[in-house]
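Atoms within a ligand are numbered from 1 in the order they appear, just like the ligands themselves. Note that the coordinates shown come from a computational prediction; the quantities given were computed from them, not determined experimentally.
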Amino acid sequence: MGKYGDFYEIGPWGFSKASPEDHAPSPKQFQPEHLSDPKFYEKGYHVEELGDGVHWVTSPSGYDAAFATTGSGVIAIDAPPTLGENMLAAIESVTDEPVTHVIYSHWHSDHIGAAAMYGPDVKIVAHEITRELLARFPDPLRPLPTETFSTDETLDVGGVRLELSYKGADHCPGNIYIYAPRQKVLTKIDIVSPGSVTFMYCDASENISGWLQAHDQILEYDFNALVGGHIMRYGTREDVITSREYFHDLQSSADEAIAEMSSTMDARMEFYASLSADQVLVGTENWINSMVNYATEKTLNKVTSNGQKWPERLAGATVWTKNHAYTVVEATRLERTHNGYQQRGAGGPEYIV
Ligand SMILES: [Zn+2]
């Protein structure tokens with residue numbers, strides 16, 4: 001046990017800790033070769049060319065970024081602080097060209113929070129919402145974009161073309177698509193973490209309808225490689241299709257849970273029966289958790305399109321399906337037609353006082 005091994009267990013008030021013996025191992029396909037190469041950890045990065053000049057960079061911290069060499073300067077995409085200056089080392093390992101352009105995928109500091117390392121002379125391109133958010137919450141490590149756009153923008157440097165597009169809020173407002181059409185490389189951050197179920201709570205996303213839709217929008221591009229921003233692996237179309245299927249299953253299970261436990265006042269009131277008025281929120285906790293557990297169980301036990309269950313197909317399924325189920329259940333209640341429509345004069349909850 002490490003320093004924190006025995007701490008922060010606070011019983012029924014907190015989250016329980018995960019134990020390896022309770023969870024499925026990551027599937028083999030989730031363990032690329034560079035993960036077992038000691039040099040990856042010594043250097044702090046791994047760089048790979050995905051298509052004529054367009055490179056993917058990953059770090060042992062699980063953060064991924066990209067850059068394009070053009071012959072007239074490097075276009076860097078993002079600057080995750082946990083990759084940090086190893087991003088510069090990765091660039092210098094393949095070219096002498098200076099970084100002249102930087103693209104911010106979105107405003108989150110875990111993906112662009114080291115951008116100041118590119119220096120004061122670079123052009124920084126981002127969506128106008130990204131600029132607005134960075135101006136509102138200033139951070140010296142995330143310099144303001146020098147050029148912004150609203151729906152579509154093309155960046156052409158030394159004959160290398162990148163098509164930038166904004167299709168609406170998903171993971172967060174201002175999160176853009178960055179597409180290299182000749183190289184068929186798409187960068188879209190924090191939607192699909194290839195080979196895994198993605199980080200908890202739909203990768204801490206804000207607009208879940210948009211986040212789910214982004215899986216379809218990614219597949220509208222003609223790409224061979226997807227830089228997803230995470231987990232030390234770039235993705236293929238197959239990875240995106242698999243991830244989409246997982247979240248479709250989760251959405252169906254969440255819809256069923258809501259229909260079962262939230263679509264009538266009677267169903268909801270079961271969770272409050274026998275509770276006194278000063279413990280009403282315990283009923284609310286149990287109502288939400290019951291829907292989440294229903295959706296989690298349904299998703300994890302489902303035999304999927306290739307005959308396997310999700311823990312056999314995607315890393316982290318037994319760990320984070322419950323978190324995703326919470327997000328999808330709650331977002332469905334907030335972002336879609338509400339099941340709680342009450343008729344005039346109908347009674348609300350009755351509690352035992
Ligand atoms: Zn993010």
Side-chain angles (χ1 to χ4, degrees), residues 56-67 76-84 86-87 102-118 124-139 141-145 148-149 164-179 186-218 226-235 239-240 243-244 246-247 315-316 319-320 323-324 326-328 330-331 335:
W56 161 71
V57 188
T58 188
S59 62
S61 63
Y63 274 86
D64 299 9
F67 66 89
I77 300 175
D78 285 352
T82 55
L83 176 60
N86 289 322
M87 177 76 172
V102 178
I103 300 171
Y104 289 169
S105 63
H106 65 304
W107 82 294
H108 285 167
S109 108
D110 63 328
H111 287 276
I112 64 164
M117 73 183 170
Y118 296 123
I124 303 176
V125 187
H127 191 262
E128 60 193 17
I129 294 173
T130 299
R131 190 181 201 284
E132 178 193 317
L133 288 162
L134 291 172
R136 186 169 154 205
F137 305 106
D139 174 0
L141 294 173
R142 285 177 285 171
L144 286 181
T148 62
F149 69 99
L164 316 184
S165 178
Y166 183 59
K167 303 178 194 303
D170 44 49
H171 167 64
C172 71
N175 190 29
I176 60 170
Y177 293 77
I178 304 155
Y179 179 53
L186 177 66
T187 300
K188 176 64 177 175
I189 303 298
D190 286 348
I191 306 293
V192 174
S193 295
S196 82
V197 295
T198 79
F199 183 64
M200 50 169 61
Y201 301 107
C202 296
D203 214 342
S205 294
E206 291 180 41
N207 185 317
I208 304 307
S209 301
W211 191 81
L212 296 169
Q213 185 184 54
H215 291 72
D216 294 325
Q217 290 166 330
I218 288 172
L226 170 79
V227 177
H230 281 289
I231 213 104
M232 299 173 277
R233 202 171 168 284
Y234 65 85
D239 286 319
V240 179
S243 181
R244 179 173 67 168
Y246 168 79
F247 281 103
V319 182
W320 283 333
N323 305 92
H324 298 322
Y326 169 79
T327 298
V328 172
E330 191 58 7
E335 296 174 6

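- With hydrogens and angles disregarded, no donor-acceptor distance shorter than 3.5 Å links the side chain of D78 to the backbone of P80.
- Aromatic ring centres of W107 and H111 lie farther apart than the 6.0 Å criterion allows.
- If you look at the Zn ion (ligand 1), the protein N, O or S atoms less than 2.8 Å from it are H106 NE2, H108 ND1, H171 NE2, D190 OD2.
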Open item on the list: Please determine whether side-chain contact (heavy atoms from CB on, under 4.5 Å) holds for the pair H230 and T198, giving the CA-CA distance in whole Å, both sets of side-chain angles, and the decisive distance to 0.1 Å.
Closed with: CA-CA 8 Å; H230 281 289; T198 79; over 6 Å; no
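- In this view, D203 satisfies the salt bridge (charged side-chain N to carboxylate O under 4.0 Å, His left out) rule with no residue, not counting sequence neighbours.
- Other residues, nucleotides and ligands place no more than 12 heavy atoms under 6.0 Å from the OH atom of Y234.
- The residue from Q213, Q217, K188 that alone fulfils the side-chain hydrogen bond (donor to acceptor under 3.5 Å, both in side chains) condition with D170 is K188.
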